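Only a predicted model underlies this, so the values are computations on that prediction, with no experimental measurement involved.
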Amino acid sequence: MVIRRPPASAPGSLSDDRALDYALRELEWFEFTRRRSRLGHYATEFLALATSSVTVVAAGLQAPAGVTATIAGLAVFFAGLRQVFDHRTRYVLAAEAWTRLHTAIERYRLLSPSERSPDSRGQLLQRVEAVVDSEITSWGASLRQERSE
């Protein structure tokens with residue numbers, strides 16, 4: 001899976017606060033990834049479960065061998081799809097990152113505009129970078145762990 005993020009200097013700034021704009025773009029990316037991964041997880045789980053169940057029913061009803069074999073092949077395909085894309089792990093990692101980033105943004109937003117000093121902007125940027133680094137590191141570690149098993 002290719003990881004694409006918007007550039008830090010994306011045009012169309014939302015406000016005069018570039019640090020907040022950057023954090024919001026990262027939050028939006030994690031939100032998109034979280035939703036896409038959750039839908040992918042539910043879809044592959046449902047399809048694997050449905051095709052596995054239908055295989056048993058087709059065999060019990062003595063359906064033609066070609067029909068039963070096709071359904072069983074689809075069940076194996078969806079089980080493999082689940083393992084290859086591992087939407088569940090991606091969903092969990094994106095949800096954790098989104099939560100940490102959302103909290104940091106909300107804390108920053110609670111500051112009045114006059115309290116948003118260069119130090120507070122720097123802290124927000126450090127938090128964004130820490131969340132992004134942590135998420136990428138966790139994703140890489142999960143991939144390395146899968147390959148070593």
Can you check whether Ala130's main-chain N or O pairs, donor with acceptor, with Ser134's side chain at less than 3.5 Å? no
When you look at CZ of Arg38, are more than 12 heavy atoms from neighbouring residues, nucleotides or ligands closer to it than 6.0 Å? yes
Minimal non-hydrogen separation, Leu101 against Ala23, with atom names: CD2-O, 3.9 Å
Answer yes when Arg127 and Glu26 have at least one side-chain N-carboxylate O distance shorter than 4.0 Å, and no when they do not. no
So, Ser120 side chain and Ser117 main chain: donor-acceptor pair closer than 3.5 Å or not? yes
Applying side chain to side chain donor-acceptor pair (under 3.5 Å), name anything that partners Glu115, two or more places apart in sequence or on another chain. Ser112
Is it the case that one hydrophobic cluster holds both Val128 and Leu111, taking links as side-chain heavy atoms less than 4.5 Å apart, direct or via other members? yes
Would you check if the side chain of Arg34 reaches a backbone N or O of Val92 as a donor-acceptor pair within less than 3.5 Å? no
Compare every heavy atom of Arg144 with every heavy atom of Thr137, then report the nearest pair and how far apart it is. O-NH2, 4.3 Å
Do Leu49 and Phe78 make a side-chain contact, defined as non-hydrogen atoms from C-beta onward lying under 4.5 Å apart? no
Identify the heavy atoms of Thr51 and Ala75 that sit nearest to each other, and give their distance. OG1-CA, 3.1 Å
Quick one: are Phe30 and Val132 in side-chain contact, heavy atoms under 4.5 Å? yes
Using the side-chain contact (heavy atoms from CB on, under 4.5 Å) rule, take Asp86 and His41 through it: C-alpha gap first, then chi angles, then the decisive distance, then the call. CA-CA 8 Å; Asp86 194 15; His41 169 65; over 6 Å; no
Tell me every residue that passes salt bridge (Lys or Arg N to Asp or Glu O under 4.0 Å) with Arg121, counting only those two or more places apart in sequence or in another chain. Asp17
What is the minimum heavy-atom distance between Ala48 and Arg82, and which atoms define it? CB-NH2, 3.3 Å
For Arg107, what residues pass the side chain to side chain donor-acceptor pair (under 3.5 Å) criterion, not counting sequence neighbours? none
Heavy atoms of Glu135 and Arg100 approach each other most closely as N-NH2, 4.5 Å
Are Gln123 and Tyr108 side-chain neighbours, meaning at least one heavy-atom pair lies under 4.5 Å? no
What closest approach, in Å, do Ser138 and Leu93 show between heavy atoms, and which atom pair accounts for it? CB-CD2, 3.5 Å
How many angstroms lie between CG in Asp21 and CZ in Arg25, if you round to the nearest 0.5 Å? 6.0 Å
Would you say Gln62 and Thr68 make side-chain contact, with heavy atoms under 4.5 Å? no
